[in-house]
Amino acid sequence: MTTHGRNHWIKLYVEMNHDPKIGLLTDDLKWRFTSVLLLAGEVDDGGFLPEAHDMAWQLHTAPETLAGQMRTLAQRGFDRDLGQECRAW
């Protein structure tokens with residue numbers, strides 16, 4: 001934890017570089033997946049993600065853009081990787 005009460009790191013596996021599920025994503029979706037992991041680590045709420053409008057603001061994107069990206073990630077099975085908490089979003 002930092003002095004601001006937030007985690008300053010998350011653990012990513014190097015195998016992500018060789019995972020076809022990630023490799024077949026467009027660059028913007030790869031970054032969105034990574035930024036969502038980082039956000040979950042930052043808010044430190046047991047993996048739960050913020051409400052959609054708060055999440056979009058924190059990720060500096062339009063809510064509609066984020067919703068589309070999250071739908072695409074879910075359709076490709078990333079909701080299982082992000083966990084039950086993501087499906088609640």
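Both backbone and side-chain heavy atoms feed into the values below; hydrogens, waters and symmetry mates do not.
Note that the CZ atom of Arg32 and the CG atom of Leu37 stand 11.5 Å from one another [nearest 0.5 Å]. In this structure, the separation between CZ on Phe78 and NZ on Lys21 is 5.5 Å, given to the nearest 0.5 Å.
The shortest non-hydrogen separation linking Leu24 to Arg76 is O-NH1, 3.8 Å. When all heavy atoms of Leu73 and Leu25 are compared, the pair lying nearest together is CD2-CD1, 4.1 Å. Here the closest heavy-atom approach between residue Val36 and residue Met55 is recorded as CG2-CE, 3.6 Å. Heavy-atom minimum distance, Ala40 versus Leu49: CB-CD2, 3.8 Å. A pairwise comparison of heavy atoms in Phe48 and Val43 identifies O-CG2, 3.7 Å as the closest pair.
Scored by the side chain to side chain contact (heavy atoms under 4.5 Å, CB included) test, Thr34 finds Leu12, Met16, Trp31, Leu38 as partners (sequence neighbours excluded).
Counting heavy atoms from C-beta outward, Phe33 and Gln69 have side chains that stay 4.5 Å or more apart.
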Cut-off 3.5 Å, no hydrogens considered: what does the side-chain donor-acceptor table look like for residues 59-67, sequence neighbours left out?
none

